[in-house]
Asker: 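This is the structure I have questions about; it appears just below.
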Amino acid sequence: MFGKLTFAAVEQGPIVLVAQLFILFGAVAVIGLLTYFKRWRWLWKEWLTSLDAKKIGVMYIIVALVMLFRGFTDAAMMRTQQALSVGASHGFLEPHHFEQVFTAHGVIMIFFVAMPLMFGLLNLVVPLQIGTRDVAFPFLNSLSFWLFVAGASLAMLSLVIGQFAATGWLAYPPLSELAYSPGVGVDYYIWSLQISGIGTLLAGINFVVTILKKRAPGMTLMRMPIFVWTALASMMLVVVSFPVLTATLGLLFLDRFGAMHFFTSSFGGNMMMYVNLIWTWGHPEVYILVLPAFGVFSEVVSTFSQKRLFGYTSMVGATMAITILSFVVWLHHFFTMGAGADVNSFFGIMTMIIAIPTGVKVFNWLFTMYRGRVLFKTPLLWFLGFVALFTVGGMAGVLLAVPGADFELHNSLFLVAHFHTMIISGVLFGDFAALTYWFPKIFGFRLNEVWGRRAFWGWVVGFMLAFIPLYILGFMGATRRLDHYPAGLGWHPLFIVAAIGVVVLALGGLFQVVQFIKSIRERAQTMDTTGDPWNARTLEWSVSSPAPFYNFARIPHVHSRDAFWEAKHEKIDLAENEPYTDIHLPKNTGMGIYIAATALVFGFAMVWQIMWLVVLTGIALVVLPVIRSFDEDLEYTIPAAEVARLDAAHASTI
């Protein structure tokens, strides 16, 4: 009746037991607090069922930060194991557990931290920057978020019931095939990514349509803020690449569940087809994450240099060049697998070429700062940290673009250090800069500068301590995914330094927690009463802080790239004295939660092969959207007189 599910699925070692108890106590604490303060109804009506893109964006970021804690914990466990497991000592993690930890770390950090942070920012900023009241498909936006939550929940559930994959974060065959991974770990991997990946694809379609069809009057493509351009490029990559991931994982599932042979070496299967397919998705995924961060840096540098962004047209060209080139470099991820000299040469050259538009962006940012009135606020510090570290990672990437060098370094910690340099400095620092920059627009008050600077230095110093030793270890021959090594190789001191770096990184994260707490307690002193605390240039700063639930009482008209900057300096009415009109907004609905919860149960049933539950939830996944399609009571109207009153009330706070 329950398929492969037995009581033995929850009987795991003491370390996992501690994690299970932590999750249990955390859930009980949250439930207890919500009950004590009688906030269940408020949580359901104001947040969980909301179709307001800004609230969905906040929820994306909250879940991402929770998953960041989990992913960072996995990283700390790995580095501690490597610092302890030398010679006669074997550390505290068994090999099979270590393999699950590094797999979970990669999956969580990419899919359930970096991706939701990006989508959170897009929900918060894009509609405001293009001068619209909402995304094109508000319900689809809610459904996308809850499918992401369902996928993340399924991945976390593997910690409580069963186990996660022990294959590495890309689950290469034959290790991910049934013969070598007979447990449920790979199935958890497949279904958590399938469910969240469908949500990501829906969100990508939503934002492409929003940007192309919902811009304010007069906002041509070449008048869009650079952040919107990078969001558009990123979402175009999502729309093209995520179906490849869905199909690839679907074929792997059929290999495991249906005894097929797409990727097995017998009966005509081809393991290299999986590697090509997964990296056809995987390399654009890197730019899906980093392009919006580039857009953030463009907004931050321009604002805090008090100058128009240098080289706008070349920035747009570089963004679209990266978008196109990201699809012709995937093979550099497996130069070592015998593709041949001609193929390797082509992809090596393409990898070097894609560095050129990235360099164009860096020089444009630096020229924007040149002779500007530079204000060294925390968001700009994150940018400067990015430039310093990303340049190092970029040079390492150019080295790895040489097939001969990559052959020596690919399976070493040098590559691990390079990848983390690009993702942490290029993506995470961009997200931190964005959160600090747009925080007053979201919540109405600025974050504490002193603790923000301390957090910045904690992350930068911790990063260098944690990853510079890995570059050196890579040259010394230390391989990836190493849980034990002999004494006398000279590696141990460097692993200890790397572990110390993780501690400093944790301090940086702790300083950020203190920053949030202190900022909330002292918000009266840092309240944004102007709507424009940074003297910024784009439309989101033209409304009060926090932004009204309807975004704009009157839709602005755009006549230049820096429309808000020119309007406030030339005393221009962006709405061109248009009258107030009725505003139609989507009603809240819990249908996205119901569909995602059903998808979660469906995924769990597929993992454990509980076939009656698979059939039941599969039918429900068809019926629930049909029920939603028959609902015609989808909007509510704010009368023009009420809009005028609300706008006057908001204007009085500016």
Side-chain angles (χ1 to χ4, degrees), residues 110 114-115 117-119 121-122 125-126 129-130 197 200-213 215 219-246 276-299 309 311-333 346-365 386 390 393-394 397-398 401 419 422-423 426-427 430-431 434 561:
I110 295 296
M115 290 292 286
L117 282 174
M118 177 198 65
F119 276 113
L121 291 175
L122 264 59
V125 178
V126 167
Q129 280 203 338
I130 65 174
T200 299
L201 178 60
L202 295 177
I205 295 169
N206 199 354
F207 277 103
V208 168
V209 176
T210 299
I211 294 170
L212 293 180
K213 304 298 289 185
R215 300 191 306 278
M219 183 176 281
T220 61
L221 289 176
M222 293 306 289
R223 288 176 181 169
M224 294 194 309
I226 289 294
F227 179 76
V228 178
W229 266 109
T230 57
L232 176 61
S234 176
M235 293 302 98
M236 290 168 64
L237 289 175
V238 165
V239 171
V240 175
S241 68
F242 263 79
V244 178
L245 176 67
T246 301
N276 274 283
L277 287 173
I278 202 72
W279 280 117
T280 301
W281 159 81
H283 197 84
E285 167 68 6
V286 174
Y287 291 100
I288 288 169
L289 299 175
V290 82
L291 281 173
F294 287 170
V296 170
F297 292 133
S298 296
E299 303 296 336
L309 183 69
Y312 175 93
T313 303
S314 62
M315 280 291 223
V316 172
T319 298
M320 301 317 294
I322 290 171
T323 303
I324 295 169
L325 290 172
S326 67
F327 277 104
V328 291
V329 295
W330 80 86
L331 197 131
H332 71 219
H333 291 278
F346 171 81
F347 282 92
I349 293 168
M350 289 297 102
T351 302
M352 294 179 188
I353 289 175
I354 202 172
I356 295 173
T358 305
V360 168
K361 286 179 173 289
V362 173
F363 281 110
N364 280 353
W365 291 322
F386 150 78
F390 197 82
V398 172
F419 183 76
M422 308 308 281
I423 295 299
V427 178
D431 292 332
R561 287 174 187 162

Asker: Assess whether side-chain contact (heavy atoms from CB on, under 4.5 Å) is satisfied between V290 and T358, documenting all intermediate values.
Answerer: CA-CA 11 Å; V290 82; T358 305; over 6 Å; no
Asker: Carefully, step by step, assess S298 and K361 under the rule side chain to side chain donor-acceptor pair (under 3.5 Å).
Answerer: CA-CA 9 Å; S298 296; K361 286 179 173 289; 5.4 Å; no
Asker: With side chains defined as the heavy atoms from C-beta onward, is the minimum distance between M236 and P284 less than 4.5 Å?
Answerer: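 Contact flag for M236/P284 side chains = no.
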Asker: Find out whether R215 and R223 are in side-chain contact, i.e. whether some heavy atom of one side chain is under 4.5 Å from a heavy atom of the other.
Answerer: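 Contact flag for R215/R223 side chains = no.
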Asker: Does any non-hydrogen side-chain atom of F207 lie less than 4.5 Å from one of V238?
Answerer: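 No, their side chains stay 4.5 Å or more apart.
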Asker: Quick one: do V125 and V228 satisfy side-chain contact (heavy atoms from CB on, under 4.5 Å)? Show the steps, please.
Answerer: CA-CA 9 Å; V125 178; V228 178; over 6 Å; no
Asker: If you define the side chain from C-beta out and look only at heavy atoms, does anything of M235 sit under 4.5 Å from M118?
Answerer: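 Yes, close enough: below the 4.5 Å cut-off.
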Asker: How about W229 and F294: are their ring centroids closer than 6.0 Å?
Answerer: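 They do not qualify: ring centres at least 6.0 Å apart.
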Asker: Are any of the side-chain heavy atoms of T200 and M115 separated by less than 4.5 Å?
Answerer: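 T200 reaches M115 side chain to side chain.
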Asker: Quick check: does any side chain N or O of Y312 sit under 3.5 Å from a backbone N or O of I226, one acting as donor and the other as acceptor?
Answerer: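 Checking the backbone N and O of I226 against the side chain of Y312, no donor-acceptor pair under 3.5 Å is found.
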Asker: So do the side chains of L237 and T323 get within less than 4.5 Å of each other, counting heavy atoms only?
Answerer: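 Yes - at least one pair of side-chain heavy atoms lies under 4.5 Å apart.
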Asker: With a 4.5 Å cut-off on side-chain heavy atoms, are L277 and W330 touching?
Answerer: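 Heavy-atom side-chain distance check fails, nothing below 4.5 Å.
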Asker: Applying side-chain contact (heavy atoms from CB on, under 4.5 Å) to F346 and L331, what does each step give before you reach the verdict?
Answerer: CA-CA 9 Å; F346 171 81; L331 197 131; over 6 Å; no
Asker: Please report the closest heavy-atom contact between G430 and V296, naming both atoms and the distance.
Answerer: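 Distance-wise, the nearest heavy atoms are O-CG1, 3.5 Å.
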Asker: Apply side-chain contact (heavy atoms from CB on, under 4.5 Å) to the pair E285 and I288, showing each step before the final yes or no.
Answerer: CA-CA 5 Å; E285 167 68 6; I288 288 169; 3.6 Å; yes
Asker: In terms of the angle between their ring planes, are H333 and W279 parallel, tilted or perpendicular, with boundaries placed at 30° and 60°?
Answerer: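 H333 and W279: parallel rings.
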Asker: Could you measure the distance from the OH atom of Y287 to the OG1 atom of T230? Nearest 0.5 Å is fine.
Answerer: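 It is 14.5 Å, given to the nearest 0.5 Å.
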